[in-house]
Engineer: 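Encoded as structure tokens, here's the structure I'll be asking about.
Here, residue 1 is the first one in the sequence, and each next residue gets the next number.
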Amino acid sequence: MTWASAGILAGAPTALMAQSPSTPESAVLNGGARDSVMTGTFRRLPPRNGFNFWVGGSVGTYTASDNESVNGFMRIVGVQWTRDLFEWKGARFSWVAELLPLLLVNSSAPVTRIPPVLRDPGQPPDPARLRPYLSHDSYGFGISPLSAQVEFTHSPRMATVFQVTSGAAWFSDVVPFGKATQYNFTVNPSIALHWQATRSARLAFGYTLHHLSNASFGPSNPGMNSHLFFTRLTNQRAR
């Protein structure tokens, strides 16, 4: 055997290894990479509760049916409980339950919504029938158990949170006016910018379109849309 043939034989195992498919170790590494991709796409989140306190006030209130101004305002005080559910493609999804211990609505009917017989100067006024159409305050409370939010993180301290709450509210007077009802259903989509003030506390500023209507369960259903700006304080803690 010559030195050349010995060199060829010595290099054969190396060549065969180079041409062989992935080794079991490389397969494990590739499998681990696939698992990490799946984990990064969708993963369940550890149970973490959040408690929110928020206050908001409207800059405009309009009928939901014809977008007519009701010449009033809405004020809301709310508390929320959030529970992390899962993360998908970098977005964090949570379930939300909300209690609204105080709602204050001031509203009145547009002139065109007042029945002609009540605004006829030739007829004697009927204060009892006319009162629901005039400016009045209505105090109420509400609950929104079927709600959710999704959060997009921009940096360790900043995040954008989209939230939709839905439920019902009851008021001391008709809302917004006339033959509408004291009870209403509510839907409240919102967007807020969150700032991580401390490890467990966050402060948010946002906008929400608050919609309420009686879903035509009453004699009249003008509904009301309120454009609100709000401040929200969040405290998060692990279970």
Engineer: Run through K179, R131, H136 and flag the one making a side chain to side chain contact (heavy atoms under 4.5 Å, CB included) with V174.
Structural biologist: H136
Engineer: Apply side-chain contact (heavy atoms from CB on, under 4.5 Å) to N49 and W81, showing your working.
Structural biologist: CA-CA 7 Å; N49 298 322; W81 174 56; 3.4 Å; yes
Engineer: Which atoms form the tightest heavy-atom contact between V161 and R202, and what is the distance?
Structural biologist: CG2-NH2, 4.3 Å
Engineer: Mind checking side chain to side chain donor-acceptor pair (under 3.5 Å) for S172 and listing every partner two or more places apart, or none if nothing turns up?
Structural biologist: none
Engineer: Write down the atom of V117, the atom of R129, and the distance for their closest heavy-atom approach.
Structural biologist: CG1-NH2, 4.0 Å
Engineer: Please report the interatomic distance OH(Y62) to CG(N67), rounded to the nearest 0.5 Å.
Structural biologist: 7.0 Å
Engineer: Considering the options N184, T186, N225, which one meets the side-chain hydrogen bond (donor to acceptor under 3.5 Å, both in side chains) requirement together with H211?
Structural biologist: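 Checked N184, T186, N225 against H211; only one passes side-chain hydrogen bond (donor to acceptor under 3.5 Å, both in side chains): N225.
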Engineer: I would like to know whether F86 and R43 meet side-chain contact (heavy atoms from CB on, under 4.5 Å); could you show each step before the answer?
Structural biologist: CA-CA 6 Å; F86 60 88; R43 68 184 181 95; over 6 Å; no
Engineer: Filter on salt bridge (Lys or Arg N to Asp or Glu O under 4.0 Å), then keep only pairs touching residues 62-73, sequence neighbours left out; what's left?
Structural biologist: D66-R113, E68-R113
Engineer: What pairs with T160 under side chain to side chain donor-acceptor pair (under 3.5 Å), at least two apart in sequence or on another chain?
Structural biologist: H154
Engineer: Verify, without hydrogens or angle tests, whether S213 (side chain) and G223 (backbone) share a donor-acceptor contact under 3.5 angstrom.
Structural biologist: no
Engineer: Does any donor atom in the side chain of H210 or N188 lie under 3.5 Å from an acceptor atom in the other side chain?
Structural biologist: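 Result is no, nothing qualifies.
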Engineer: Taking S166 for its side chain and L146 for its backbone only, find out whether a donor-acceptor pair lies under 3.5 Å.
Structural biologist: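 Yes, S166 side chain to L146 backbone: donor-acceptor pair under 3.5 Å.
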Engineer: Decide yes or no on side chain to side chain donor-acceptor pair (under 3.5 Å) for Q80 and Q163, but give the supporting numbers first.
Structural biologist: CA-CA 11 Å; Q80 298 177 337; Q163 192 178 93; 2.7 Å; yes
Engineer: Report the residues that fulfil side chain to side chain donor-acceptor pair (under 3.5 Å) with S138, sequence neighbours left out, ordered by chain and then residue number.
Structural biologist: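 By the side chain to side chain donor-acceptor pair (under 3.5 Å) rule, S138 matches no residue at all.
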Engineer: Which pair of non-hydrogen atoms, one from A180 and one from P222, has the smallest distance, and what is that distance?
Structural biologist: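 In terms of heavy atoms, the two residues are closest at CB-CD, 4.0 Å.
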Engineer: For the hydrophobic clusters of this structure (ILVMFWY residues joined by side-chain heavy atoms under 4.5 Å, transitively), does one cluster hold both L85 and F152?
Structural biologist: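 They do share one cluster, since a chain of ILVMFWY contacts under 4.5 Å joins L85 to F152.
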Engineer: Heavy atoms only: give me the nearest I76-M74 pair and the separation to one decimal.
Structural biologist: CD1-SD, 3.6 Å
Engineer: Distance-only, no hydrogens or angles: does the T234 side chain make a donor-acceptor pair with backbone N or O of A201 under 3.5 Å?
Structural biologist: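 No: the side chain of T234 does not pair with the backbone of A201.
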Engineer: Do the side chain of S147 and the main chain of A97 share a donor and acceptor less than 3.5 angstrom apart?
Structural biologist: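 Pair absent, no side-chain N/O of S147 close to backbone of A97.
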Engineer: Which atom pair, heavy atoms only, marks the closest approach of A215 to N221?
Structural biologist: N-ND2, 3.7 Å
Engineer: Might you work through the side-chain contact (heavy atoms from CB on, under 4.5 Å) test for F205 and L193, ending with a clear yes or no?
Structural biologist: CA-CA 6 Å; F205 300 94; L193 185 64; 5.8 Å; no
Engineer: Linking Ile, Leu, Val, Met, Phe, Trp and Tyr by side-chain heavy atoms under 4.5 Å, what else ends up with F141?
Structural biologist: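 Hydrophobic cluster check, F141: joined to W170, Y183, F185, F217.
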Engineer: Taking E87's backbone N and O only, do any of them form a donor-acceptor pair with R92's side chain (distance below 3.5 Å, no angle check)?
Structural biologist: no
Engineer: Hydrophobic side-chain clustering at under 4.5 Å (ILVMFWY, transitive links): who's grouped with F229? Put none if nobody.
Structural biologist: V59, Y207, L209
Engineer: For G142 and L103, which heavy atoms make the closest approach, and how far apart are they?
Structural biologist: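 That closest heavy-atom pairing would be N-CD1, 3.6 Å.
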Engineer: Would you confirm whether T61, through its side chain, and G72, through its main-chain N or O, come within 3.5 Å as a donor-acceptor pair?
Structural biologist: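 Checking the backbone N and O of G72 against the side chain of T61, a donor-acceptor pair under 3.5 Å is found.
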Engineer: What class does the angle between the rings of F93 and W88 fall in, given that below 30° is parallel, 30 to 60° is tilted and above 60° is perpendicular?
Structural biologist: tilted
Engineer: Is R75 positioned over the aromatic face of F73, cation under 6.0 angstrom from the ring centre and no more than 45 degrees off axis?
Structural biologist: yes
Engineer: Can you list the steps and then say if F177 with T63 is a side-chain contact (heavy atoms from CB on, under 4.5 Å)?
Structural biologist: CA-CA 10 Å; F177 53 76; T63 61; 3.8 Å; yes
